[in-house]
Every structure is written in structure tokens, then in C-alpha cells.
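Note that this is a predicted model, so its numbers are computed, not measured. In what follows, every chain begins at residue 1, and chains take the letters A, B, ... in the order their sequences are listed.
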Number of protein chains: 2
Amino acid sequence: MSSVVERSLLDLSRGRPILVYDADGREGETDIVVPSEFVTAATIRTLRKEAGGFICATVPHQLARRLGLPLIEEALDRLKGHYPVFQKLVSGSPPYDSRSSFSVTVNHRRTYTGVTDRDRALTISSLARVFREVADYSESWAQQVFSSEFRSPGHVPLLITDDPLLEGRRGHTELGTALAIMAGVTPTVTLCEMMGDREGALSKEGAKKYARDRNLVFTEGREIVEAWRRWSGSWLQESLISST
Amino acid sequence: MSSVVERSLLDLSRGRPILVYDADGREGETDIVVPSEFVTAATIRTLRKEAGGFICATVPHQLARRLGLPLIEEALDRLKGHYPVFQKLVSGSPPYDSRSSFSVTVNHRRTYTGVTDRDRALTISSLARVFREVADYSESWAQQVFSSEFRSPGHVPLLITDDPLLEGRRGHTELGTALAIMAGVTPTVTLCEMMGDREGALSKEGAKKYARDRNLVFTEGREIVEAWRRWSGSWLQESLISST
């Protein structure tokens with residue numbers, strides 16, 4: 001595992017943000033990534049002020065399945081009969097990948113407007129807590145617990161990882177969640193794209209400088225994919241050995 | 001009409017942002033409001049840096065009907081059979097009103113990631129252009145034009161106004177859209193909630209100070225409702241007279 005990835009895992013396990021750049025040929029964007037379980041109001045403030053993109057929380061595909069949460073595209077697709085405009089509106093793909101990873105948006109039921117730093121932090125930290133809690137529950141009980149804590153629509157978009165992780169899609173959703181899994185924290189991260197001052201995303205060099213100035217790890221998709229391959233491969237081997 | 005509302009209409013007609021505070025007993029939040037037709041990359045940058053909430057665009061209910069766009073809550077509600085978790089997840093209401101005004105999220109098809117200042121400005125200014133364009137189209141043709149320009153999901157949440165405007169719900173969605181109609185600009189505004197530095201929304205006093213420092217109009221829901229009543233009443237009278 002590269003020392004950059006190792007350092008990023010150490011930082012994540014301690015709740016520190018890291019920067020993740022996907023790839024030159026893809027979005028070409030850097031996201032600030034924080035493990036959801038460590039998100040506070042101060043984190044949301046930093047993300048909106050310093051990054052400026054969409055503040056979203058990831059859900060590993062296994063957990064999304066247990067919670068019965070679909071990609072929003074898949075859900076809206078089922079409504080093409082009811083809403084004819086969806087036939088074409090919910091079609092086509094973004095230029096950088098075959099699809100986005102958006103699911104529904106949520107607010108914790110104890111939030112007020114849902115959008116303040118305090119409210120988004122409550123929603124996101126509660127997501128991490130509930131994700132841990134429902135890990136061993138049956139589907140119906142997990143869904144009961146989840147939906148008694150959260151309401152949709154809300155102000156935190158959920159992002160569901162591709163299945164299997166990092167084999168097809170390699171977006172920030174998958175890269176950040178893989179890091180959380182390897183770091184041993186609750187497998188959900190909160191992401192926000194870093195914007196620049198010239199109408200586009202912050203440049204790769206700009207993001208590297210930001211990381212240097214604040215002593216944060218800057219890591220790239222290919223390093224994470226490589227680390228994930230080794231990590232999940234060795235984990236798979238071990239579990240195969242231990243089951244024989 | 002109060003001089004504050006008059007000045008806000010003049011500013012909006014020239015593309016200047018104004019500040020709208022809903023009401024003490026409601027969200028108690030101030031939004032920066034800009035007519036969508038004037039939104040540029042610089043506007044998005046200002047909204048994310050100075051306001052910090054969700055950057056959304058409004059759709060008047062008549063136009064939403066023509067475009068066949070539902071509230072997202074209503075759409076997800078139809079899927080309770082397919083996704084049992086929605087039965088409870090898509091239920092209940094925010095503490096400040098009976099429901100949110102969220103519809104689907106969109107990106108213009110010519111955007112790249114969809115989230116940059118340039119991309120969100122392209123999506124929003126195109127919404128205003130398409131809204132003008134389809135105003136006289138049949139439903140099916142309007143939906144054809146709309147869905148050939150936009151894709152869902154995206155990075156600009158659409159907000160649909162309550163029907164009739166400002167009789168029941170009096171949120172920023174309705175207040176901002178009523179102002180756009182009275183100002184004679186394309187009837188869609190782009191909104192963003194102003195956040196404070198202490199975990200919550202910016203206080204009313206803080207928002208007033210922000211407005212004073214930048215020579216922006218600060219107006220409140222009750223003034224707008226009052227102006228709307230007079231304006232729509234006299235408009236209704238005129239149209240009744242002219243139709244006899």
C-alpha cells in the first residue's frame with residue numbers, strides 16, 4: 001500500500017478530512033472526504049466554505065440493499081407511466097461516467113429546517129450511527145429503524161456505491177467508501193467537491209497546494225484502487241483460509 | 001405597496017439579488033434571491049460563499065403542471081409498493097410547514113459534472129430560457145423541449161410553488177416567485193439560505209446588517225404577501241373588467 005494511502009487511512013481513522021482526486025480522464029475533481037461518524041457542525045461549515053460543492057453522504061451498496069434504498073434514477077424510471085416527462089428527462093448519462101450515484105435525499109427527523117450546519121451534521125452523524133446499528137438487523141427491521149429516524153426529501157443527498165466496489169465505477173462515492181472500509185471506521189463518508197474561483201472545479205494543482213498548506217493528505221483514485229485490490233484480495237484469501 | 005417591496009421589484013427587474021426573510025414563526029431564515037434569468041457563474045459563487053445553503057430554482061405551479069413535474073414527495077409516495085422503506089421514510093412533515101417544495105433535481109445536458117459554478121449557472125439560466133419558451137406550448141411539446149434540454153438527477157433542486165400562490169404555503173419558494181412575477185421577469189428565482197457562523201441560520205439582525213453593508217434590499221414575508229394580495233387582486237379585477 002502506498003504511504004499516501006496509508007497516511008490517509010490513519011487520518012480517516014482519527015476523523016481528519018483528506019482530499020481525494022478521482023482521475024484525469026474522469027471528473028478531474030477533488031473532493032474533501034470526512035468519515036460521516038466524525039461529522040460535526042464545524043465540518044459542514046468547512047465543507048460549504050472551503051469546498052463549495054454538494055455535501056453528500058455515501059451508503060455502501062450492501063447497506064443500501066438492506067435498507068431498500070434505490071438509486072433515484074432507478075426509482076424515477078419506474079414512474080415513466082405516471083409522469084411522461086420522465087421518459088426522456090430521466091435518460092442519458094453524465095459525460096464522465098455511465099450514471100450518477102444519487103439516491104434519495106434525507107433529513108434526520110429531529111432537524112428543524114434541515115439545511116443549517118447543526119442540522120446537516122445531525123443528519124449525517126445519525127446516518128453513521130444507524131448504519132452501525134442496523135448492520136446485523138433483518139431487512140424489515142433495518143428499514144423500520146432507518147425510516148423512523150429519517151425523512152425524505154431532505155437536505156443530505158445519499159450516494160450509493162457501485163456493486164462490486166471499485167470494479168466498474170470509480171467515482172468519489174466508491175473511492176471514499178473504500179477508504180472508510182480500509183480505515184476501519186463506519187463505512188460512510190461525507191463528500192464535497194472543491195470549487196475554484198474561475199467558474200470551474202479547483203484545479204489538481206490548486207487542491208494539492210490546499211492540502212500542503214493545511215497538512216492534509218491528497219490522494220488519487222488509482223492509488224486507492226490499487227490499495228483496495230490488495231486489501232480486499234488479502235481479506236478474501238484470509239476469509240477463505242479461515243473458512244476451510 | 002411598501003417602498004421596500006417596490007425597491008425589491010426594481011432590483012429584481014435589473015437582476016440584482018435581494019434578501020427575503022420568511023417569518024418569525026416559520027423557518028426564521030433569510031434567503032438570497034436572484035431572478036434565475038440573470039444567474040451567472042459569479043452568482044453561484046456568491047451564493048455558495050456568502051449564503052452557504054442549498055442553491056435551488058423555483059418553478060411556478062402552473063408551469064410545473066404543464067411540464068408534468070411532481071413534488072418529489074408525491075412521486076416517491078407512488079413507489080411505496082416497490083420500495084417498502086418509503087412507506088415511513090416519505091412521511092411526516094418538517095416542523096415549520098406541512099411539506100417541503102422539492103421536486104426533482106436537474107442538470108442541463110451540456111454540463112460536465114453539473115456542480116461547478118459554470119455548470120449550475122448554465123442549468124439555471126437555461127431553465128429560465130426554457131420556461132419562457134414553453135409558456136405557450138402544449139403540454140406534450142413543452143415536456144419534449146424541457147426533457148431534451150435537462151437530465152434528472154442533477155445538481156439543481158427544483159422547487160414547485162404552492163397552488164394558489166401565497167394563500168396556503170408562504171415559504172421562500174412562493175415569496176421569491178411572487179416577487180419575480182410582480183417584477184415582470186421570468187417567473188423563476190434562484191434561492192440560497194443564509195447560514196451563520198454559529199451552527200444555525202444567519203440571524204435576522206445579521207441578515208439585515210449584511211443587506212445594509214452591501215446596499216441590498218431586505219424584505220419580509222408579510223410585506224410580500226400584502227403586496228401580492230393588492231397586485232393579484234387588481235390584476236384579477238382588470239382581467240375581469242377587460243373580459244366583460
State, with a plain yes or no, whether a side-chain heavy atom of [X] is found less than 4.5 Å away from one of [Y].
X        : Y        : answer
B/Met195 : A/Val115 : yes
B/Leu79  : A/Leu76  : no
A/Pro84  : B/Gln143 : yes

If we define contacts as heavy-atom pairs under 4.5 Å, which of [options] has the most with chain B?
options                      : value
A/Gln144, A/Lys88, A/Glu139  : A/Lys88
A/Ala75, A/Ala41, A/Gly114   : A/Ala75
A/Asp119, A/Asp97, A/Thr113  : A/Thr113
A/Glu73, A/Glu50, A/Arg45    : A/Arg45
A/Gly92, A/Gly28, A/Pro94    : A/Pro94
A/Pro157, A/Ser148, A/Ser140 : A/Ser148

More than 12 heavy atoms of other residues, nucleotides or ligands under 6.0 Å from CZ of A/Arg198: is that the case?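 No, the 6.0 Å shell around CZ holds no more than 12 heavy atoms from other groups.
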How are the rings of A/Phe54 and B/Phe54 set to each other: parallel, tilted or perpendicular (split at 30° and 60°)? parallel
Report yes or no: do B/Glu29 and A/Tyr112 form a side-chain donor-acceptor pair below 3.5 Å? no
Looking at chain A, which one of B/Pro70, B/Ser100, B/Ala121 has the largest number of heavy-atom pairs inside 4.5 Å, strictly under? B/Pro70
Name the option with the most non-hydrogen atom pairs under 4.5 Å to chain A; the candidates are B/Ala201, B/Ala42, B/Gly200.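 Going by pairs under 4.5 Å, I would pick B/Gly200.
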What part of [X] lies closer than 4.5 angstrom to a heavy atom of chain A: side chain, backbone, both or neither?
X        : value
B/Asn107 : neither
B/Thr105 : neither
B/Leu67  : backbone
B/Glu27  : both

To the nearest 0.5 angstrom, please state how far the [atom1] atom of [X] sits from the [atom2] atom of [Y].
X        : Y        : atom1 : atom2 : answer
A/His155 : B/Phe102 : NE2   : CZ    : 3.5 Å
B/Lys49  : A/Lys49  : NZ    : NZ    : 9.5 Å
B/Ser152 : A/Phe86  : OG    : CZ    : 6.5 Å
A/Leu202 : B/Thr116 : CG    : OG1   : 12.5 Å
B/Arg109 : A/Ser93  : CZ    : OG    : 9.0 Å
A/Arg120 : B/Glu199 : CZ    : CD    : 13.5 Å

For B/Val90, is there any backbone N or O sitting under 3.5 Å from a side-chain donor or acceptor partner on A/Arg151?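 Answer holds: no.
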[X] to [Y] - nearest heavy-atom pair and separation:
X       : Y        : value
B/Gly68 : A/Tyr83  : O-CD2, 3.9 Å
A/Arg48 : B/Gly196 : NH2-O, 3.1 Å
A/Leu89 : B/Ser147 : N-CB, 3.4 Å

Per-residue contact mode, A/Ser91 against chain B (heavy atom under 4.5 angstrom):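 A/Ser91 touches chain B through backbone and side-chain heavy atoms alike.
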